[in-house]
Amino acid sequence: EDRSSYALYIDLETQITDSWLVGTALRYEDFSDAGDDLVGKISTRLEVNDDLALRGAVATGFRAPSLQQSAYTAFTTNLGDGGVLEQSFTANSGSPFPTALGVDSLKLETSESISLGAVLDISDELTLTIDAYKIKIEDRINLASFLKADDIAFNPDAVAALNDTGAVQANYFSNSVNSTTKGID
């Protein structure tokens with residue numbers, strides 16, 4: 001498997017005043033197999049006094065599916081019901097099984113994040129930092145559970161695609177999860 005991509009990136013920072021730094025960045029990238037996106041970031045740091053600084057950032061981002069996620073195919077033998085060995089199949093993106101279930105290809109995962117923090121110089125030897133953050137990721141790539149013919153009986157094309165593999169069950173990667181992570185460091 002292969003892929004091609006090209007990207008453009010620009011990053012600018014400036015001191016608005018002696019104590020206030022503002023930065024911004026833009027990135028555009030286009031992947032031959034997963035699409036393209038334009039993302040950005042705005043960040044700032046304000047030195048309130050010699051011992052205290054406040055900082056924050058708002059950003060968007062993306063992650064392209066790895067080639068292993070978009071092209072991986074495997075047959076495995078698993079222990080099924082009653083101790084019987086069953087053939088399992090992991091289908092690659094765009095193959096007949098996931099396509100019959102509406103998953104033609106993997107796309108970019110996208111994210112939005114915000115962070116706010118402070119830096120406190122307690123002494124010459126000790127600095128305390130605290131940052132709160134929230135990161136929202138959409139269309140995360142996930143490996144689905146194995147599906148048998150009974151699980152997909154509502155879709156005759158998917159059952160036929162599964163039967164064509166010669167396996168009893170199959171799974172595939174898809175953009176199927178959204179998540180939000182919040183925390184304080």
Side-chain angles (χ1 to χ4, degrees), residues 1-7 9 27-41 57-117 130-185:
E1 262 323 288
D2 63 10
R3 119 178 342 146
S4 60
S5 71
Y6 65 90
Y9 179 79
R27 175 181 165 203
Y28 173 80
E29 192 158 2
D30 185 3
F31 293 88
S32 59
D33 62 337
D36 65 326
D37 205 359
L38 175 67
V39 296
K41 178 180 180 179
V58 176
T60 58
F62 68 87
R63 187 186 76 82
S66 68
L67 288 178
Q68 294 87 345
Q69 290 172 320
S70 59
Y72 180 75
T73 300
F75 282 96
T76 56
T77 303
N78 299 318
L79 200 55
D81 296 336
V84 176
L85 295 177
E86 296 178 337
Q87 187 89 12
S88 300
F89 177 65
T90 299
N92 66 320
S93 175
S95 65
F97 182 67
T99 299
L101 293 168
V103 180
D104 295 324
S105 63
L106 296 177
K107 59 185 180 179
L108 302 174
E109 297 177 347
T110 59
S111 65
E112 298 173 355
S113 64
I114 185 168
S115 65
L116 298 170
I130 186 166
D131 292 284
Y133 59 89
K134 179 179 179 181
I135 304 166
K136 179 180 170 186
I137 301 175
E138 293 187 359
D139 298 321
R140 288 185 74 167
I141 298 167
N142 186 47
L143 181 61
S145 298
F146 281 110
L147 299 170
K148 294 185 175 189
D150 290 346
D151 300 321
I152 55 174
F154 63 90
N155 186 327
D157 291 338
V159 172
L162 174 60
N163 290 338
D164 287 346
T165 69
V168 173
Q169 58 187 3
N171 64 354
Y172 55 91
F173 287 96
S174 66
N175 296 90
S176 59
V177 177
N178 296 333
S179 67
T180 299
T181 303
K182 300 181 224 178
I184 296 177
D185 287 339

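A distance-only check finds a donor-acceptor pair linking the side chain of Asn155 to the backbone of Asp157 [under 3.5 Å]. With hydrogens and angles ignored, the 3.5 Å screen pairs no side-chain donor or acceptor of Ser32 with any backbone N or O of Arg3.
Remark: Phe62 engages no residue in a ring pair (Phe, Tyr, Trp, His ring centres under 6.0 Å) (not counting sequence neighbours). Every residue was checked against the side chain to side chain donor-acceptor pair (under 3.5 Å) condition with Thr181, not counting sequence neighbours, and none meets it. Here Val58 pairs with Ile114 under the side-chain contact (heavy atoms from CB on, under 4.5 Å) rule; sequence neighbours left out. Judged as a side-chain contact (heavy atoms from CB on, under 4.5 Å), and not counting sequence neighbours, the contacts of Ala57 are Lys41, Ser43, Ser115. Shown here are the side chain to side chain donor-acceptor pair (under 3.5 Å) partners of Lys134, two or more places apart in sequence or in another chain: there are none. For the side-chain contact (heavy atoms from CB on, under 4.5 Å) test, residues two or more places apart in sequence or in another chain that qualify with Leu85 are Thr77, Leu79. Scored by the ring pair (Phe, Tyr, Trp, His ring centres under 6.0 Å) test, Tyr72 finds no partners at all (sequence neighbours excluded). With sequence neighbours excluded, no residue forms a ring pair (Phe, Tyr, Trp, His ring centres under 6.0 Å) with Phe173.
Of all heavy-atom pairs between Asp131 and Gly117, the closest is OD1-CA, 3.3 Å. When all heavy atoms of Ser176 and Asn142 are compared, the closest pair comes out as OG-CB, 3.5 Å. Contact record, Asn78 with Ser88: ND2-OG, 2.6 Å, taken as the closest heavy-atom pair. Pairing each heavy atom of Ala34 with each of Pro65, the nearest pair is CB-CD, 3.6 Å.
Separation of atoms CD1 (Ile184) and CG (Leu116) is listed at 10.5 Å; rounding is to 0.5 Å. To the nearest 0.5 Å, the span separating CZ on Phe146 from CZ on Phe89 amounts to 10.5 Å. Atom CD of Glu1 is separated from atom CG of Leu67 by 6.5 Å, given to the nearest 0.5 angstrom. Here the straight-line distance linking atom OG of Ser70 with atom CD1 of Ile141 works out to 8.0 Å at 0.5 Å rounding. Within the model, atoms CD of Gln169 and OG1 of Thr76 stand 7.5 Å from one another, a figure rounded to the nearest 0.5 Å. Distance check, rounded to the nearest 0.5 Å: OG of Ser4 to CG of Asp30 gives 8.0 Å.
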Could you list the donor-acceptor pairs under 3.5 angstrom formed between side-chain atoms of residues 92-106 and any protein atom two or more places apart in sequence or on another chain?
{"from": "Asn92", "atom 1": "OD1", "to": "Ser95", "atom 2": "OG", "distance (Å)": "3.4"}
{"from": "Ser93", "atom 1": "OG", "to": "Leu106", "atom 2": "N", "distance (Å)": "3.2"}
{"from": "Ser95", "atom 1": "OG", "to": "Asn92", "atom 2": "O", "distance (Å)": "2.7"}
{"from": "Thr99", "atom 1": "OG1", "to": "Gly94", "atom 2": "O", "distance (Å)": "3.4"}
{"from": "Thr99", "atom 1": "OG1", "to": "Ser95", "atom 2": "O", "distance (Å)": "2.8"}

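Sorted by first and then second residue, the salt bridge (Lys or Arg N to Asp or Glu O under 4.0 Å) pairs involving residues 158-178 (not counting sequence neighbours) form an empty list. Screening residues 75-96 for salt bridge (Lys or Arg N to Asp or Glu O under 4.0 Å) gives Glu86-Lys148 as the qualifying pairs, with residues at least two apart or on separate chains. Among residues at least two apart or in separate chains, salt bridge (Lys or Arg N to Asp or Glu O under 4.0 Å) pairs with a member in residues 106-116 are Arg63-Glu109, Lys107-Asp139.
A salt bridge links Glu138 with Lys136; the closest basic N to acidic carboxylate O contact falls under 4.0 Å.
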Run the side chain to side chain contact (heavy atoms under 4.5 Å, CB included) check on Leu147 and Leu162 step by step: do they pass?
CA-CA 9 Å; Leu147 299 170; Leu162 174 60; over 6 Å; no

Do Thr60 and Thr110 pass the side chain to side chain contact (heavy atoms under 4.5 Å, CB included) test, and can you show the C-alpha distance, the side-chain angles, and the key distance before you say yes or no?
CA-CA 7 Å; Thr60 58; Thr110 59; over 6 Å; no

